[in-house]
Q: 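Have a look at this one.
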Number of protein chains: 2
Amino acid sequence: MSGYKIDDVARETGLTKRAIRYYEEIGLIPPPERSGGGTRQYTRAHIEQLQRVISARDVLGFSLQEIQEYMAYAQELTGHRELYPQLREPERQLEKLREMDGTLDAQLRKLDEKASKILAMKEELERFRKRVTAGIARLEAEDRQSEYDNMEGTENEK
Amino acid sequence: MSGYKIDDVARETGLTKRAIRYYEEIGLIPPPERSGGGTRQYTRAHIEQLQRVISARDVLGFSLQEIQEYMAYAQELTGHRELYPQLREPERQLEKLREMDGTLDAQLRKLDEKASKILAMKEELERFRKRVTAGIARLEAEDRQSEYDNMEGTENEK
DNA sequence: CAACATATTAACGTTAACGTCAACGTTAGA
DNA sequence: TCTAACGTTGACGTTAACGTTAATATGTTG
C-alpha cells in the first residue's frame, strides 16, 4: 500500500532510474511525494502515465518536448471534465474547446497517416518475405533431390 | 536529363543539403556520380530512396543506423533476386535466407506492435474528442438559450 | 570573361536524451 | 545496531543527427 520506489517503477516500465528522474525533471510526470528522508514514493498513476509516455515516444516518435505539450493538453482535458463545466467565462471556454478540437483533429490525422504508412511498409516486407521463403523452399527441394541422388548411388554400389 | 544537383534534391525531399551529404556519409544512399569538378549528380533513384528513408525515420521512428541495416537487407534481397539463384555454395545460401527470414519476421512483429499501439492511441484521442465536442455542443446550446432569454426580455419591453 | 550564385571539404558547435561517476544520506534485514 | 543495498543530488560524459562557418573550387549568366 505504501507506494512504489524508483527501482520498482524502473522494473515495471523498463525505463532506467536515471530516465525516470529525467522525465520528472522535464515535467513529463508530476513530482512524487517524498518519504521523510527524501525517497521518491510513486503511485500507480505515475506508472501509468510513464507507460503512456513510453508509448507516445516509441510509437509516434514524438520528442519528449512534444509529449510534454500533449500531456499538458490531456491534463487540461481530464482536469476540466469536472472543473470546466462549472461556469466561468463561457465564451473563453468555447474558444478553448474549439482550439482543443482542432488540435485533436490534427493529431488524429497524423495518426492515420502513420498507420497507413506502416501498412505500406508491412506489405513491402511481406512481399520480401514471400520471396525469401520461396527461395528457402526451392533450396530445400534441391537439397532433398541431391540426397536421393546420393542414395541411388550407394544402392547401386551394393 | 542531366541528373539533379544537391539543391534540387533538397527541395524535392525537404532535407537540408547537409543532411543529404550526411546520409550519404553513413551509407543511407549510394555515393552519386560526380561531374568533372566534383559536383554530386543525383538520379531519380537517389531521390526515391531518400523518400523511403524519410518515411522510415518519421513513421517508424527508426534510428538512421537501423534504417541503414534495413536498407542493406532490402538491397541484398532485390539484388539477389537474380543473383542468388545462380548456384554457388547452396548451404550458405540457405543459411543466409533463413537469417533473412528471421529478421523480416522480427521487423514485421515490430510493425504490428506499432500499429496496435497507434490504434490504442487513436481510440484514446477519439474519446477525448467526443468529450470536447459534447462540451462545445452544450455551451452552444446554453448560448442559444440565453439569446432566447434576451429576446423574450426585449419583447416584453415593447 | 567577369561576377555572382552554388558546390565541396574540413572542422568545430549544438541539442536531446540519457549514461556514468562520485560523494553522501536512507532503509531494511540479520 | 551495524551493514549491505538502495536512494539522492550534482556534475560531467556520450551519442546521434545534424547546424554552422570558413576556405576554396565550380557553374552559370549577361
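Chain letters run A, B, ... following the sequence lines, proteins first, then strands; residues in each count from 1.
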Q: In B/S/- notation, 5' to 3', how is nucleotides 20-30 of chain D contacted by protein heavy atoms closer than 4.0 Å?
A: B-----SSS--
Q: Does the pair B:Leu50 and B:Tyr42 meet the rule for a side chain to side chain contact (heavy atoms under 4.5 Å, CB included), with working shown?
A: CA-CA 11 Å; B:Leu50 281 174; B:Tyr42 296 93; 5.7 Å; no
Q: Which nucleotide, D:dA17, D:dT8, C:dG19, lies nearest any side-chain atom of B:Ser63?
A: D:dA17
Q: Does any residue of residues 19-28 of chain A have a heavy atom under 4.0 Å from DNA chain C, and if so, which ones, in number order?
A: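 The answer is A:Ala19, A:Tyr22, A:Tyr23.
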Q: Test of understanding: with salt bridge (Lys or Arg N to Asp or Glu O under 4.0 Å), list the residues that count as partners of A:Glu48, not counting sequence neighbours.
A: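 Applying salt bridge (Lys or Arg N to Asp or Glu O under 4.0 Å) to A:Glu48 gives none.
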Q: Does B:Arg40 place a side-chain N or O at less than 4.0 Å from the phosphate oxygens OP1/OP2 of C:dT8?
A: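 Answer is yes, contact under 4.0 Å.
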Q: Charged N to carboxylate O under 4.0 angstrom, A:Lys117 versus B:Asp58?
A: no
Q: Is the shortest distance from a Lys or Arg side-chain nitrogen in A:Arg138 or A:Glu142 to a carboxylate oxygen in the other one below 4.0 Å?
A: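 Counted as a salt bridge, because a side-chain N and a carboxylate O are separated by less than 4.0 Å.
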Q: Taking only residues two or more places apart in sequence, or in another chain, which ones meet A:Arg98 in a salt bridge (Lys or Arg N to Asp or Glu O under 4.0 Å)?
A: B:Glu140
Q: Could you walk me through whether A:Lys96 and A:Glu91 pass the salt bridge (Lys or Arg N to Asp or Glu O under 4.0 Å) check?
A: CA-CA 9 Å; A:Lys96 248 298 183 193; A:Glu91 60 166 38; over 6 Å; no
Q: Rounding to an integer number of Å, can you tell me how far A:Ile6 CD1 sits from C:dT27 P?
A: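 That distance rounds to 15 Å.
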Q: What's the shortest heavy-atom distance between A:Gly135 and B:Leu97, and which atoms?
A: C-CD1, 3.8 Å
Q: Among pairs that include at least one residue of residues 23-39 of chain A, which meet side chain to side chain donor-acceptor pair (under 3.5 Å), considering only residues two or more places apart or in two chains?
A: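 Output for this query lists A:Tyr23-A:Arg57, A:Glu24-A:Arg40.
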Q: Rounded to whole Å, how long is the line connecting atom CZ of A:Arg34 with atom C1' of D:dG7?
A: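 Atom CZ in A:Arg34 sits about 10 Å away from atom C1' in D:dG7.
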Q: Measure CZ/A:Phe62 against P/C:dA16 and give the value in whole Å, please.
A: 17 Å
Q: May I ask you to decide whether B:Glu124 forms a salt bridge with B:Arg129, counting only side-chain N to carboxylate O separations under 4.0 Å?
A: no
Q: What is the separation between atom CD1 on B:Ile29 and atom C1' on D:dA17, rounded to the nearest whole Å?
A: 15 Å
Q: End-to-end bend of the helix from C:dC1-D:dG30 to C:dA30-D:dT1 (five-pair axes, 10° rounding)?
A: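 Angle reported: 20°, given to the nearest ten degrees.
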Q: Can you work out whether B:Gln65 or A:Lys17 has the more 5'-proximal nearest nucleotide on DNA chain D?
A: A:Lys17
Q: Round to the nearest Å and state the distance from B:Asp7 atom CG to C:dA7 atom C1'.
A: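 It is 10 Å, rounded to the nearest whole Å.
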Q: I'd like to know if the side chain of B:Gln51 reaches the main chain of B:Thr13, judged simply by a donor and an acceptor atom lying under 3.5 Å from each other, with no hydrogens or angles considered.
A: no
Q: A side-chain contact here means heavy atoms from C-beta on lying under 4.5 Å apart; do B:Ile26 and B:Leu64 qualify?
A: yes
